[in-house]
Asker: 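Sharing a structure with you now.
Not measured: the values here are computed from a predicted model. Each chain gets a letter, A, B and so on, in the order the sequences are listed, and its residues count up from 1.
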There are 2 protein chains.
Amino acid sequence: MNEQLRLYSYWRSSAAYRVRIGLNLKGLRYETVPVHLVRDGGEQHAPEYREKNPQELVPILQHGNRTMRQSMAILEYLDETWPDTPLLPATARERARARSLAQAIACDVHPLNNLRVLQFLEHSWGVPQAERDEWVRHWIVEGFQAVEAMLAGHVSTGEFCEGDLPTIADCCLVPQIYNARRFSVDMTQFPTIARIEAACLALPAFDAARPERQPDCPQAAAG
Amino acid sequence: MNEQLRLYSYWRSSAAYRVRIGLNLKGLRYETVPVHLVRDGGEQHAPEYREKNPQELVPILQHGNRTMRQSMAILEYLDETWPDTPLLPATARERARARSLAQAIACDVHPLNNLRVLQFLEHSWGVPQAERDEWVRHWIVEGFQAVEAMLAGHVSTGEFCEGDLPTIADCCLVPQIYNARRFSVDMTQFPTIARIEAACLALPAFDAARPERQPDCPQAAAG
C-alpha cells in the first residue's frame with residue numbers, strides 16, 4: 001500500500017486529468033512523469049513508453065512494480081485499494097448510474113476527439129482545422145445534451161452528478177468540460193453540468209488537478 | 001433480485017452483445033426487446049426510447065423499475081448484484097488488468113466505429129463507403145495491435161484474457177472481433193486474440209449471445 005505512485009501524465013490530457021482528480025480526492029501523493037504528447041512527434045510513441053503502454057496513450061499509473069492503463073480502470077483500482085473517500089456511491093444501483101454517466105463521456109465523447117483521431121483526420125484525410133473543430137464540438141454537444149438530460153431533474157442528482165459527494169462521474173465530467181471550453185462550446189446550454197462543474201472546482205482536489213496547475217503546463221497557459 | 005430483466009438490444013450491436021454474454025455467463029434469464037437501429041431512421045431515436053436513454057444508444061437493461069445504460073456499467077452491476085460466476089477476477093490488480101483490456105476496446109475502438117459515427121461521416125461529410133470501411137479497419141487494427149501486445153506472453157493471460165475464466169475483458173473482445181470480421185480485418189495478425197475468441201465461442205454463454213442467434217436477426221444472416 002505504501003509503494004510509490006507514479007502517474008504518466010500530460011497537463012492537457014483529459015484522461016490523465018480524471019486520474020489526478022481521483023488521486024487528489026483520496027489524498028494520495030504521487031509523482032508526475034510528464035509525457036509530452038506533441039513534442040518530437042509525441043513522446044507516447046517512443047519505444048520505452050510503448051513498452052509500458054502498447055496503446056501509446058496517457059495516463060498510466062505505476063503502483064510499485066504494477067503498471068495500470070486506462071483511466072477508468074485506474075480509478076476503480078484506486079477505489080478498491082484505498083476505499084476511504086470512495087469514488088463510487090454505496091449501492092449497486094447508484095454505482096451503475098455513476099459509472100454510466102462516467103462512461104457516457106469516457107466512451108462516447110472523449111475518444112472521438114482524442115489527439116490521435118484529430119491527427120488521423122488531419123494527416124490521412126486532410127480535414128481542415130475548421131472542420132476538425134466542428135467535429136470536436138459536434139460530439140461534445142451531442143454527448144452533453146444526453147448527460148444534461150440524465151442529470152437535470154433526476155432524483156439522484158445532488159450537489160454532484162450522483163448525490164452530494166463527488167464520484168467517478170464528476171472525475172470524467174469536469175475534464176470534458178475543460179475540453180468543451182477549449183473548443184468554445186457554449187456551456188449555457190447545459191445548466192446542470194455547469195452547476196456541477198462549479199461545485200467540483202470549488203474543491204481543492206479538483207482545483208489542484210486542473211491542467212494549468214500541472215508541472216508540465218507551459219508558463220503561458222498557466223498564466 | 002427476482003425482478004424481471006429486460007434487455008433493449010439489437011442483434012448486431014456489439015455493446016448489446018457484451019451484455020448478452022454477461023447475462024448468459026451468470027445464467028440469468030432475460031427478455032429481449034429488439035430496437036432496430038436502422039429501420040425507419042432508427043428506433044433508438046423514437047421519443048419513447050429517448051426517454052429511457054437520452055443517449056439514443058443500445059443496450060439498456062431494465063431490472064424491475066431500474067433502467068441502466070452503458071454496457072460496461074451494466075456488466076459491473078450484474079457482477080455486484082449476482083456475484084456468482086464473477087465477471088471480474090479476484091484481486092484488485094487482476095481486476096485492473098481485466099478492466100483495462102475491456103476499456104481498450106470499449107473506449108478506444110468501438111465508439112469510433114459506432115453506427116452514429118459512420119452516419120455522421122456519410123451524411124455530414126459525404127465520406128464514401130470505401131473510406132468509411134478503411135476508417136473502421138484502421139481503428140480496429142490499431143486497437144487490436146495494442147490488445148495483442150498486452151495479451152501475448154503476459155503472465156496473467158490464460159485460456160482467456162485474464163486467467164482461465166472469462167471476464168469483462170472477454171465480454172468486450174469477442175463482440176469486437178465479430179465487427180472486425182464483418183469489415184474483413186485479417187485476424188491472423190492477432191494470434192492470441194484469435195485463440196481466446198475460439199475458447200470463448202466454445203462456451204454456450206458466448207455462443208448463445210452471438211448476433212446470429214438473436215430473435216431479431218434477419219433470417220438471411222442467421223442462415
Side-chain angles (χ1 to χ4, degrees), chain A residues 15 50-51 53-57 60-61 63 66-81 88 91-93 95-104 106-112 114 116-117 120-121 124-125 127 131 134-135 138-139 142-143 145-151, chain B residues 15 50-51 53-57 60-61 63 66-81 88 91-93 95-104 106-112 114 116-117 120-121 124-125 127 131 134-135 138-139 142-143 145-151:
Chain A
R50 189 168 56 229
E51 202 173 305
N53 186 4
Q55 285 204 279
E56 302 175 31
L57 296 170
I60 55 180
L61 182 73
H63 180 210
R66 271 155 272 189
T67 297
M68 273 153 300
R69 310 174 185 105
Q70 286 288 340
S71 60
M72 307 288 288
I74 294 170
L75 289 170
E76 298 267 356
Y77 177 83
L78 294 179
D79 217 39
E80 293 178 352
T81 309
L88 287 162
T91 70
R93 180 183 188 157
R95 283 194 292 276
R97 182 164 179 272
R99 286 190 178 112
S100 71
L101 287 163
Q103 287 158 12
C107 297
D108 292 324
V109 178
H110 172 257
L112 290 157
N114 215 352
R116 66 190 185 118
V117 176
F120 178 93
L121 292 176
S124 297
W125 283 1
V127 176
E131 273 88 339
E134 241 353 285
W135 163 274
H138 174 82
W139 299 115
E142 187 175 295
Q145 282 170 342
V147 170
E148 178 72 22
M150 291 190 270
L151 290 171
Chain B
R50 190 168 56 231
E51 203 174 304
N53 186 5
Q55 284 204 279
E56 302 174 31
L57 296 171
I60 56 179
L61 182 75
H63 180 210
R66 270 155 272 189
T67 297
M68 274 153 299
R69 309 174 186 105
Q70 285 289 340
S71 60
M72 305 288 288
I74 294 170
L75 289 170
E76 298 266 356
Y77 176 84
L78 294 179
D79 217 38
E80 293 179 352
T81 308
L88 287 163
T91 69
R93 180 183 189 158
R95 284 194 291 276
R97 182 163 178 272
R99 287 189 178 112
S100 71
L101 287 162
Q103 287 158 9
C107 298
D108 292 323
V109 177
H110 172 257
L112 290 158
N114 214 353
R116 66 192 185 117
V117 176
F120 178 93
L121 292 176
S124 297
W125 283 2
V127 176
E131 273 88 338
E134 237 359 280
W135 163 275
H138 174 82
W139 299 114
E142 187 174 294
Q145 282 170 342
V147 170
E148 177 72 22
M150 291 190 270
L151 290 172

Asker: Picking from B:H138, B:H110, B:M68, which has the most non-hydrogen pairs under 4.5 angstrom with chain A?
Answerer: B:H138
Asker: Examine whether an atom of A:R97 lies under 4.5 Å from a heavy atom of chain B, and if so say whether it belongs to the side chain, the backbone or both; otherwise answer neither.
Answerer: neither
Asker: If we define contacts as heavy-atom pairs under 4.5 Å, which of B:R69, B:Q145, B:E131 has the most with chain A?
Answerer: B:R69
Asker: Is it the side chain or the backbone of A:L57 that comes within 4.5 Å of chain B heavy atoms, both, or neither?
Answerer: side chain
Asker: Determine, step by step, whether B:T67 and B:N53 satisfy the side-chain contact (heavy atoms from CB on, under 4.5 Å) criterion, reporting the C-alpha distance in whole Å, the side-chain angles of both residues, the deciding distance to 0.1 Å, and the verdict.
Answerer: CA-CA 9 Å; B:T67 297; B:N53 186 5; over 6 Å; no
Asker: Go through it in stages, so that I can follow the logic: the residues are B:R93 and A:H63, the test is side-chain contact (heavy atoms from CB on, under 4.5 Å), and I'd like the CA-CA distance, side-chain angles, deciding distance and then a yes or no.
Answerer: CA-CA 10 Å; B:R93 180 183 189 158; A:H63 180 210; over 6 Å; no
Asker: Tell me which of these, A:M150, A:Q70, A:E76, has more heavy-atom pairs under 4.5 Å with chain B than the rest.
Answerer: A:Q70
Asker: So which of B:E148, B:R50, B:E56, B:E142 has the largest heavy-atom pair count under 4.5 angstrom toward chain A?
Answerer: B:E142
Asker: Which residue out of B:A92, B:A106, B:G143 racks up the most heavy-atom pairs below 4.5 Å with chain A?
Answerer: B:A92
Asker: I want to know whether A:W125 and B:W125 have ring centres closer than 6.0 Å.
Answerer: no
Asker: Sort A:V147 into side chain, backbone, both or neither according to what part of it lies under 4.5 angstrom from a heavy atom of chain B.
Answerer: neither
Asker: Between A:M72 and chain B, which part of the residue has a heavy atom less than 4.5 Å away: side chain, backbone, both or neither?
Answerer: both
Asker: For A:E134, enumerate each residue passing the side chain to side chain contact (heavy atoms under 4.5 Å, CB included) test, keeping only those at least two apart in sequence or located in another chain.
Answerer: A:R137
Asker: For A:S71 and A:A15, work out which heavy atoms get closest and say how close.
Answerer: CB-O, 3.5 Å
Asker: If the condition is side chain to side chain donor-acceptor pair (under 3.5 Å), which residues does A:D79 pass it with, not counting sequence neighbours?
Answerer: A:K26
Asker: Answer with side chain, backbone, both or neither: which region of A:L121 has an atom nearer than 4.5 Å to a non-hydrogen atom of chain B?
Answerer: side chain
Asker: So, the side chain of A:W139 versus the backbone of A:P111: is there a donor-acceptor pair under 3.5 Å, distance only?
Answerer: no
